[in-house]
Number of protein chains: 2
Amino acid sequence: MFISKTSEYALRILTYMALNNETQFSAQSLYAELDIPKRYLMRLLTDLSKSGFIKATRGRNGGYVFARPLETIYFSEIIDSVEGLLPFEGCVLGNAVCPVDKPCAMHQIWEKPKQAFLETIKTTTLADLLL
Amino acid sequence: MFISKTSEYALRILTYMALNNETQFSAQSLYAELDIPKRYLMRLLTDLSKSGFIKATRGRNGGYVFARPLETIYFSEIIDSVEGLLPFEGCVLGNAVCPVDKPCAMHQIWEKPKQAFLETIKTTTLADLLL
DNA sequence: ATAATATAATACCCGTAAGTATTAATTTAT
DNA sequence: ATAAATTAATACTTACGGGTATTATATTAT
């Protein structure tokens, strides 16, 4: 399953905003573009706002803009804010401890894809989408 | 979250069985070794049995043994039988379609870790644990 | 035969992620 | 001032993965 549906939504929202350089995005306009249940989208926008990725202005003509430069927003941070990174970093067999000197059966096998995943999300920012 | 808890359990069970060459494994003995809720473990064993990875013999002195040679059991098949592979193979942003000529924003970025993951589980069998 | 020891089947329960509804607060155009 | 348009807060509902309970079925030691 890789990442949760909510993480998926968050990425969909922020990548859309990053790629479409508008002065501001209302929940309404995002709803029209992205395929996310409206009320859930609105709540998620508030969450992303609280997390500091975007900032909101209320009232008429309100909406959302990025709160920080795209270069500073790593994918890892987005996923982390939604569902945490621990489940990704831990032992794939779910062992509480998976010591280096006596790792779990799948440790060796899992290492490569896991590192590829973590490395990617930890070194890539929203700005990289524009390249 | 990577893989579901049930997939985790399934891998834990089968890797344990693969690494400990006993003539037979009872649910009881697996429960003693692996940290999985007993009743859930038993149900999962039945599932794995139905899926054809292991076969059960009932009654006194019953238990489970592999139904097929370890060389033929790919990790991808195990995960597939528990939660399916589609969520892993599909678009990371959850788009129904993510066409090659006009892929989603994260397509390029996600490609490497995704392939590393799929490649690993599709080319590794339980027998590889014994190497 | 019977009792003991296994797995199988089925139904139910619970916690959490996902989704919905309602009301409040804020801003601005008129 | 007022109404319209926006986000915020909060509570509720639903779906599902994970976990539990109960009963049935099969095998074998005695």
Side-chain angles (χ1 to χ4, degrees), chain A residues 1-13 17 22-32 34-67 79-84 86-88 93-94, chain B residues 1-13 17 22-32 34-67 79-84 86-88 93-94:
Chain A
M1 81 197 6
F2 259 132
I3 59 174
S4 72
K5 205 155 197 177
T6 307
S7 287
E8 225 175 82
Y9 290 162
L11 293 177
R12 224 189 282 174
I13 293 167
M17 287 178 63
E22 294 168 27
T23 53
Q24 198 177 220
F25 299 84
S26 68
Q28 184 59 46
S29 70
L30 291 171
Y31 171 67
L34 312 171
D35 189 39
I36 304 173
K38 186 158 183 182
R39 292 176 188 281
Y40 200 67
L41 165 66
M42 294 183 70
R43 218 180 50 183
L44 186 49
L45 284 168
T46 302
D47 291 345
L48 293 174
S49 194
K50 280 183 184 163
S51 299
F53 299 115
I54 54 181
K55 66 181 166 212
T57 54
R58 291 188 180 193
R60 200 182 251 236
N61 303 330
Y64 301 91
V65 293
F66 278 107
I79 296 173
D80 190 20
S81 82
V82 174
E83 59 176 313
L86 267 66
F88 295 100
L93 291 189
Chain B
M1 82 199 2
F2 256 133
I3 59 173
S4 72
K5 206 156 198 178
T6 308
S7 288
E8 226 175 81
Y9 290 161
L11 292 177
R12 224 188 282 174
I13 294 167
M17 287 178 63
E22 293 168 27
T23 54
Q24 198 176 222
F25 300 83
S26 68
Q28 184 58 45
S29 70
L30 291 171
Y31 171 67
L34 312 172
D35 189 38
I36 304 174
K38 185 158 182 181
R39 291 174 188 282
Y40 198 66
L41 166 65
M42 295 182 69
R43 218 180 52 180
L44 186 50
L45 284 168
T46 302
D47 290 346
L48 293 173
S49 194
K50 279 183 186 164
S51 300
F53 298 116
I54 54 182
K55 65 182 166 211
T57 54
R58 292 189 179 193
R60 199 180 249 235
N61 303 329
Y64 301 90
V65 293
F66 278 108
I79 297 173
D80 189 21
S81 83
V82 173
E83 59 176 314
L86 266 66
F88 294 101
L93 291 189

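Chain letters run A, B, ... following the sequence lines, proteins first and then strands; every chain starts at 1.
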Self-check item: Any B/Tyr9 side-chain heavy atom under 4.5 Å of B/Pro37 side chain
Solution: yes
Practice problem: Tell me, please, which residues at least two apart from B/Glu8 pass salt bridge (Lys or Arg N to Asp or Glu O under 4.0 Å). | Solution: B/Arg12
Exercise. Look at B/Tyr31 and C/dA6 and indicate whether a side-chain polar atom (N or O) is within less than 4.0 Å of OP1 or OP2.
Key: no
Self-check item: Nearest-angstrom distance from the residue atom CD of B/Gln24 to C1' of C/dA6
Solution: 9 Å
Exercise. Return the value, rounded to whole Å, for the distance between atom CD of B/Gln28 and atom P of C/dA8.
Key: 15 Å
Quiz item: What integer distance in Å separates B/Arg60:CZ from C/dT5:P?
Solution: 6 Å
Quiz item: For B/Asn61 and C/dT5, is the shortest distance between a side-chain N/O and OP1 or OP2 below 4.0 Å?
Solution: no
Quiz item: If you draw a 6.0 Å radius around CZ in A/Phe66, do more than 12 non-hydrogen atoms from other residues or ligands fall strictly inside?
Solution: yes
Self-check item: Strand contacts (DNA chain D) in residues 34-44 of chain B, 4.0 angstrom heavy-atom criterion
Solution: B/Pro37, B/Arg39, B/Tyr40, B/Arg43
Exercise. For A/Arg58 and for A/Tyr9, locate the closest nucleotide of DNA chain C by heavy-atom distance; then report the residue assigned to the nucleotide nearer the 5' terminus.
Key: A/Tyr9
Quiz prompt | Minimum heavy-atom distance between B/Gln24 and B/Asn61, given as atom pair plus value | solution = NE2-O, 2.9 Å
Quiz item: Would you say a side-chain N or O of A/Ser4 is under 4.0 Å from OP1 or OP2 of C/dA17?
Solution: no
Self-check item: 5' to 3' contact window, DNA chain D with chain B (heavy-atom distance under 4.0 Å)
Solution: D/dG18 to D/dA29
Exercise. With sequence neighbours excluded, tell me which residues meet side chain to side chain donor-acceptor pair (under 3.5 Å) with A/Lys38.
Key: A/Gln28
Quiz prompt | Working for side chain to side chain contact (heavy atoms under 4.5 Å, CB included), residues B/Leu11 and B/Ile3 | solution = CA-CA 10 Å; B/Leu11 292 177; B/Ile3 59 173; 3.8 Å; yes
Self-check item: Backbone N/O of B/Ser7 and side chain of B/Glu83: donor-acceptor pair under 3.5 Å
Solution: no
Name every donor-acceptor pair, under 3.5 Å, that has one atom in a side chain of residues 39-56 of chain B and the other anywhere in the protein, sequence neighbours excluded.
residue: B/Tyr40; atom: OH; partner: B/Thr6; partner atom: OG1; Å: 2.8
residue: B/Thr46; atom: OG1; partner: B/Met42; partner atom: O; Å: 3.2
residue: B/Ser51; atom: OG; partner: B/Asp47; partner atom: O; Å: 3.0

Quiz prompt | Earlier contact from the 5' end, DNA chain D, for B/Thr6 and B/Thr57 | solution = B/Thr6
Quiz prompt | Set of residues satisfying side-chain contact (heavy atoms from CB on, under 4.5 Å) with respect to A/Ser29, sequence neighbours excluded | solution = A/Phe25, A/Ser26
Quiz item: For B/Lys50 and C/dA9, what is the distance between atoms NZ and C1' respectively, to the nearest whole Å?
Solution: 7 Å
